[in-house]
Undergrad: 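I have a structure I would like to understand better, so I am pasting it below and will then ask my questions one at a time.
Hydrogens, waters and symmetry mates are skipped; everything else that's a heavy atom, side chains included, is used.
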Amino acid sequence: MKNFLLQQSLAVRTNVLPEVCKVVDSVKPDYDSVRHYKTDIIQWLKPIIDLSGFYVYPINGITEGLDWWWGRSKYKIWSAPGEYQWVDHKYSGMSPHCIYQSIPSAIDGNYHPVDNHTKVALDLAYVGSTSVQKIELHDGVETAFFSLSKPFGIRNIRTGWYFNRTPDPKREALTNNAKYYNYYAHDVAEAVINNFDIDYVHSQLYNKQKSVCEELNFIPSDSVWLATTQDPDYAKYMRDGKTARICLAGVYNEETQFAHNG
């Protein structure tokens, strides 16, 4: 098992549970409709984070949402060493800076308090793979991003949501006026959140995570897909220079991989 983990990619690529796969497979592409965008995601997320009052727009995965936000931001953006590396720091200009933070953290898969800086953008990629723990917001949290890629493993369908405290004029024009969005990804995402609770994946995999961590002397992360260790053998996975973040999905794969042909 250790040799397997040492040979895997640095990326976190999670699995689709069999019952989730069945729900996804039941969704048929809608080729012709022109529909108003409607989502239940704010209500689904509420046990962990209350985004009531935020405007919400569909995106093709968190990374697209980060590109959209980062490319238009006039802020100086800062993030902790080891954070999701897609967001480049921007220090030009005179605008006040903004903190980019992932909760649970991309560094170790654990919950940490929201940074108390004036302006914060939250990446919620690992929400949906943990037990229910509250993320307490403050007025400085302006933007948030979420998708089902990490918690439910459906990364290739590119589901996602972008939340903003104020309307985003271009997203309003695209999504609500022109009704341009990825209908299939949207329908898949809504089917998943309407069939599974926010802590479903954690409840299914927690015992496996615990068993693997006991065997390898890892510390289980809040995200059931991850664990941490300071064992120098795993140095290549150290994102902050001291703690290695290990993806356990490959270890679970034999038991959780679903064959579409039955």
Undergrad: Closest approach of N116 and H138, non-hydrogen atoms and distance?
TA: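 N116 and H138 have their closest heavy atoms at CA-NE2, 3.9 Å.
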Undergrad: Assess the residue pair D67 and W86 against the criterion (side chain to side chain donor-acceptor pair (under 3.5 Å)); give the C-alpha distance rounded to whole Å, side-chain angles, the decisive distance to 0.1 Å, and a yes or no.
TA: CA-CA 8 Å; D67 281 344; W86 196 259; 2.6 Å; yes
Undergrad: Would the distance check show the side chain of S9 and the main-chain N or O of A11 forming a donor-acceptor pair, the cut-off being under 3.5 Å?
TA: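 Side chain of S9 to backbone of A11, a donor-acceptor pair under 3.5 Å: yes, one is there.
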Undergrad: Over all heavy atoms of both residues, which pair between S129 and P151 is shortest? Give the atoms and the distance, please.
TA: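 Residues S129 and P151, closest heavy atoms: N-CB, 3.8 Å.
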Undergrad: Got more than 12 heavy atoms from elsewhere within 6.0 Å of CZ, R13?
TA: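 12 or below, so no.
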Undergrad: What heavy-atom pair brings F152 and G128 nearest, and what distance separates the two atoms?
TA: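 Answer, listing the atom of F152 first, then G128: CE1-O, 4.4 Å.
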Undergrad: Check step by step if salt bridge (Lys or Arg N to Asp or Glu O under 4.0 Å) holds for R35 and D187.
TA: CA-CA 11 Å; R35 288 185 270 138; D187 289 346; 2.9 Å; yes
Undergrad: Over all heavy atoms of both residues, which pair between C247 and V12 is shortest? Give the atoms and the distance, please.
TA: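 Where C247 meets V12 most closely, the heavy atoms are SG-CG1, 3.9 Å.
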Undergrad: Is Y31 linked to V34 within one hydrophobic cluster, defined over Ile, Leu, Val, Met, Phe, Trp and Tyr using a side-chain heavy-atom separation of less than 4.5 Å?
TA: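 No, Y31 does not connect to V34 through the hydrophobic network.
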Undergrad: V24 and I154: side chain to side chain contact (heavy atoms under 4.5 Å, CB included), yes or no, with the steps?
TA: CA-CA 9 Å; V24 172; I154 52 176; 4.0 Å; yes
Undergrad: Kindly write out the residues that satisfy salt bridge (charged side-chain N to carboxylate O under 4.0 Å, His left out) with E83, not counting sequence neighbours, or none if the list is empty.
TA: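 With sequence neighbours excluded, E83 shows a salt bridge (charged side-chain N to carboxylate O under 4.0 Å, His left out) to no residue whatsoever.
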Undergrad: Does P167 offer a backbone N or O that forms a donor-acceptor pair with the side chain of N164 under 3.5 Å?
TA: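 No; zero donor-acceptor contacts below 3.5 Å.
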Undergrad: For residues E142 and F54, report the shortest heavy-atom separation together with the two atoms involved.
TA: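 The answer is O-CE2, 3.7 Å.
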Undergrad: Hey, is CG on N177 packed in by over 12 heavy atoms from elsewhere, all under 6.0 Å?
TA: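 Atom CG in N177 is crowded, with more than 12 foreign heavy atoms closer than 6.0 Å.
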Undergrad: Could you grab the distance from atom OG of S105 to atom CZ of R245, nearest 0.5 Å is fine?
TA: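 Here the rounded value is 8.5 Å.
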Undergrad: For side chain to side chain contact (heavy atoms under 4.5 Å, CB included), just list the numbers for T229 and N217, CA-CA rounded to whole Å, side-chain angles, deciding distance to a tenth of an Å, and then say yes or no.
TA: CA-CA 8 Å; T229 180; N217 197 28; over 6 Å; no
Undergrad: As an exercise, state the distance from CH2 of W68 to CG of L66, rounded to the nearest 0.5 Å.
TA: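 Atom-to-atom, W68:CH2 and L66:CG are 13.5 Å apart.
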Undergrad: Using the rule that two of Ile, Leu, Val, Met, Phe, Trp, Tyr join whenever any of their side-chain heavy atoms come within less than 4.5 Å, decide whether I59 and L174 are in one cluster.
TA: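 Yes; tracing contacts between hydrophobic side chains, which count when under 4.5 Å, links both residues.
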Undergrad: Report yes if the side chains of L51 and F146 come closer than 4.5 Å at any heavy-atom pair, otherwise no.
TA: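 No, too far: nothing below the 4.5 Å cut-off.
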Undergrad: Could you grab the distance from atom OG1 of T130 to atom CH2 of W225, nearest 0.5 Å is fine?
TA: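 Interatomic distance, T130 OG1 to W225 CH2, rounded to 0.5 Å: 13.0 Å.
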Undergrad: Could you state the interatomic distance from CG (L226) to CZ (F218), rounded to the nearest 0.5 Å?
TA: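 Here the rounded value is 11.5 Å.
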Undergrad: Apply side chain to side chain contact (heavy atoms under 4.5 Å, CB included) to I49 and V127, showing your working.
TA: CA-CA 9 Å; I49 185 169; V127 167; 5.5 Å; no
Undergrad: Look at D233 together with K2 and state whether they make a salt bridge at an N to O cut-off of under 4.0 Å.
TA: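 A salt bridge links D233 with K2.
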Undergrad: Show the nearest heavy-atom pair for residues G153 and T14, with the distance to one decimal.
TA: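 Closest approach of G153 to T14, heavy atoms only: CA-OG1, 3.2 Å.
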Undergrad: Would you indicate whether the side-chain heavy atoms of F145 and L124 approach each other to under 4.5 Å?
TA: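 Not in contact.
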Undergrad: Can you tell if the side chain of L17 reaches within under 4.5 Å of the side chain of Q204, non-hydrogen atoms only?
TA: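 They are in contact (side-chain heavy atoms under 4.5 Å apart), so the answer is yes.
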Undergrad: When rounded to the nearest 0.5 angstrom, what distance separates NE2 in H186 from OG1 in T175?
TA: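 Taking NE2 in H186 and OG1 in T175, the distance rounds to 10.5 Å.
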Undergrad: Extract all donor-acceptor atom pairs below 3.5 Å that involve side chains of residues 39-47 and protein atoms in other chains or at least two apart in sequence.
TA:
residue	atom	partner	partner atom	Å
T39	OG1	I41	N	3.1
T39	OG1	W161	NE1	3.1
T39	OG1	E190	OE2	2.6
D40	OD2	N194	ND2	3.4
W44	NE1	I193	O	3.2
W44	NE1	F196	O	2.7
K46	NZ	S52	OG	3.4

Undergrad: Between the main-chain N or O of Y111 and the side-chain N or O of D222, is there a donor-acceptor pair closer than 3.5 Å?
TA: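 Flag set: sc D222 to bb Y111 pair under 3.5 Å.
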Undergrad: Kindly determine whether L5 and L216 satisfy side chain to side chain contact (heavy atoms under 4.5 Å, CB included), including the steps that lead there.
TA: CA-CA 10 Å; L5 290 173; L216 294 172; 3.4 Å; yes
Undergrad: Please work out which of the three classes, parallel, tilted or perpendicular, describes the rings of Y237 and Y234, given edges at 30° and 60°.
TA: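 Tilted.
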Undergrad: If you count the non-hydrogen atoms of other residues, nucleotides and ligands that lie under 6.0 Å from CG in L137, is the total more than 12?
TA: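 Count over threshold, so yes.
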Undergrad: Is the shortest side-chain heavy-atom distance between K179 and Y37 below 4.5 Å?
TA: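 Heavy-atom side-chain distance check fails, nothing below 4.5 Å.
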Undergrad: Residues two or more places apart in sequence or in another chain: which of them pass side chain to side chain donor-acceptor pair (under 3.5 Å) with R165?
TA: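 Scan of R165 (side chain to side chain donor-acceptor pair (under 3.5 Å), adjacent residues dropped) gives none.
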Undergrad: Quick one: does S203's side chain have a donor or acceptor within less than 3.5 Å of a partner on Y200's backbone?
TA: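 Indeed, once roles are kept as given, a pair shorter than 3.5 Å links the two residues.
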Undergrad: Does any non-hydrogen side-chain atom of R158 lie less than 4.5 Å from one of S149?
TA: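 SC-SC contact between S149 and R158 confirmed.
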Undergrad: Heavy-atom distance under 4.5 Å between the side chains of W70 and Y100, does that happen here?
TA: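 No - every pair of side-chain heavy atoms lies 4.5 Å or more apart.
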Undergrad: For the residue pair H202 and Y206, does the interplanar ring angle fall in the parallel (under 30°), tilted (30 to 60°) or perpendicular (over 60°) class?
TA: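 Tilted.
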Undergrad: Should K134 and D50 count as an ion pair when the cut-off is N to O under 4.0 Å?
TA: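 Salt bridge flag = no for D50 with K134.
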Undergrad: Between the side chains of K242 and D108, is the shortest nitrogen-to-carboxylate-oxygen separation below 4.0 Å, so that they form an ion pair?
TA: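 K242 and D108: not salt-bridged.
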Undergrad: Using a 6.0 Å cut-off, check whether atom NZ of K210 has over 12 heavy atoms from anything other than its own residue.
TA: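 Incorrect, the count does not exceed 12.
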Undergrad: With heavy-atom distances below 4.5 Å as the criterion, would you say the side chains of V251 and M1 are in contact?
TA: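 A side-chain contact exists here, since the closest heavy-atom pair is under 4.5 Å.
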Undergrad: Among the clusters formed by ILVMFWY side chains lying less than 4.5 Å apart, do F4 and L6 turn up in the same one?
TA: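 In one cluster: yes.
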Undergrad: Would you say that Y126 contacts S102 through its side chain, given a criterion of any heavy-atom pair below 4.5 Å between the two side chains?
TA: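 No, side chains not in contact.
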Undergrad: Between CD1 of I99 and CD of Q101, what distance do you get to the nearest 0.5 Å?
TA: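 Between atom CD1 of I99 and atom CD of Q101 there are 8.0 Å.
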Undergrad: With distance as the sole test, does E214 use its side chain to make a donor-acceptor pair with the main-chain N or O of Q209 at under 3.5 Å?
TA: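 Between the backbone of Q209 and the side chain of E214 there is no qualifying donor-acceptor contact (under 3.5 Å).
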Undergrad: Among R171, K170, E172, exactly one meets side chain to side chain donor-acceptor pair (under 3.5 Å) together with Y57. Which residue is that?
TA: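 For Y57, the side chain to side chain donor-acceptor pair (under 3.5 Å) check succeeds only for E172.
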